[in-house]
Amino acid sequence: MLVSSYKLLQEAKRQGKCIPQFNIINLEWTKAILQEANYQRYPVILGINEKSINYMGGYNTVAQVVKTLIKDLNISIPVVLHLDHSRDGTNPKACLDAIASGFTSVMMDASRFDMKTNIEKTKLIVDKAKEQGVSVEGELGYIGLGKTNNRDIDGYTDYQEAINFIQATGINSFAPAIGNYHGIYRGKLALNYDLLAQLSKKITIPIVIHGGSGISDDDIIKLVKNGASKINFNTELQMAWIKGVRQYLDKHTDIYDAREVILAGKQELRAIVRKKIQILKGN
Ligand code: 13P
């Protein structure tokens with residue numbers, strides 16, 4: 001069942017639970033994640049960024065693949081289809097295309113702009129999305145890429161600015177920078193749990209943690225205990241798939257059925273999804 005993330009994440013926040021977002025890039029990813037989450041009886045958010053949407057063929061293709069897989073695979077858990085990191089600099093086309101195609105949640109990421117512009121761009125999407133019952137995630141502070149990351153504490157979201165941003169935009173969920181970043185973590189990870197806990201107590205909307213790959217199981221649990229209602233995972237899924245395929249190809253040098261190769265990656269991918277869900281279920 002495709003649902004908007006608003007109620008799902010509100011409920012998670014109320015109950016101190018956390019819902020995973022797993023990013024999809026193709027049919028196989030989508031199928032593996034849906035099947036594992038359904039098997040675990042745990043709600044799931046399928047996130048996809050603009051690059052992967054183009055890779056799959058477009059917004060309508062993605063929405064139809066998700067909707068029809070839910071039907072054909074008899075998926076009976078709540079599923080959210082979410083546009084991850086819409087980065088439109090000058091217009092809100094990505095979010096609007098996603099909403100028009102049937103996505104149930106979008107992220108307007110204008111975090112690289114100044115506060116005023118970020119508010120304007122995000123609020124515009126909130127107003128449009130509300131009409132369609134679609135949820136909007138906003139970001140304030142800078143959650144960069146691991147490979148380019150050299151931020152210090154100045155990169156953290158400012159507490160008061162966060163509160164102002166949430167009030168001014170009317171977003172449904174909020175992604176702060178608390179020392180998390182995308183990709184592989186290098187060096188010692190310094191997550192600001194105090195900032196997370198303070199924000200979580202003060203604001204009524206759910207908090208989203210980006211850059212879930214590479215965060216240890218214990219730290220995931222700590223994030224949830226301190227108020228994370230959603231954690232995003234992407235890089236670890238990619239790495240798992242590649243590992244599975246590489247091992248399979250190394251062992252089976254005369255393979256000619258491509259489905260077997262893809263399946264080898266799918267099993268590894270599903271194992272990561274299973275592991276993350278089991279950690280979150282334990283909370
Ligand atoms: P990772 O690639 O670090 O798991 O981050 C995923 C993410 O936050 C997507 O928005």
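In listed order, ligands and their atoms are each counted from 1. Quick note: numbers below take in every heavy atom, side chains included, and nothing from hydrogens, waters or symmetry partners.
- Counting protein heavy atoms only, atom 2 (O) of ligand 1 is closest to T235 OG1, 2.5 Å.
- Using modelled atom types and a 3.5 Å distance limit, the side chains of Q21 and N23 yield a donor-acceptor pair.
- Remark: ligand 1 and E236 share no N or O pair separated by less than 3.5 Å (distance only, no angle test).
- Remark: minimum distance from atom 4 (O) of ligand 1 to any protein heavy atom is reached at S213 OG, 2.5 Å.
- Note: an N/O pair closer than 3.5 Å links G183 and ligand 1 by distance alone.
- For the pairing with L46, the side-chain contact (heavy atoms from CB on, under 4.5 Å) check across L34, D84, V80 returns one residue only, L34.
- Below 4.0 Å from some heavy atom of H85 lie the following atoms of ligand 1, by number and element: 10 (O).
- The N/O atoms of N23, backbone and side chain alike, include none that comes under 3.5 Å of an N/O atom in ligand 1.
- Ring planes of H85 and H182: perpendicular class, angle over 60° (limits at 30 and 60°).
- Distance from atom 9 (C) of ligand 1 to its nearest protein heavy atom, with residue and atom name: D84 OD2, 3.0 Å.
- Using modelled atom types, no side-chain atom of T157 and backbone atom of P176 make a donor-acceptor pair closer than 3.5 Å.
- Contact analysis leaves G47 out of contact with ligand 1, as no non-hydrogen atom separation drops below 4.0 angstrom.
- Among protein heavy atoms, atom 8 (O) of ligand 1 sits closest to G211 N, 2.8 Å.
- No more than 12 heavy atoms of other residues, nucleotides or ligands lie within 6.0 Å of CE in M239, so this atom counts as exposed by the packing criterion.
- A donor atom on one side chain and an acceptor atom on the other are found under 3.5 Å apart for T122 and N118.
- At a cut-off of 3.5 Å, with distance as the only test, a side-chain donor of Y248 or E260 sits close to an acceptor on the other residue.
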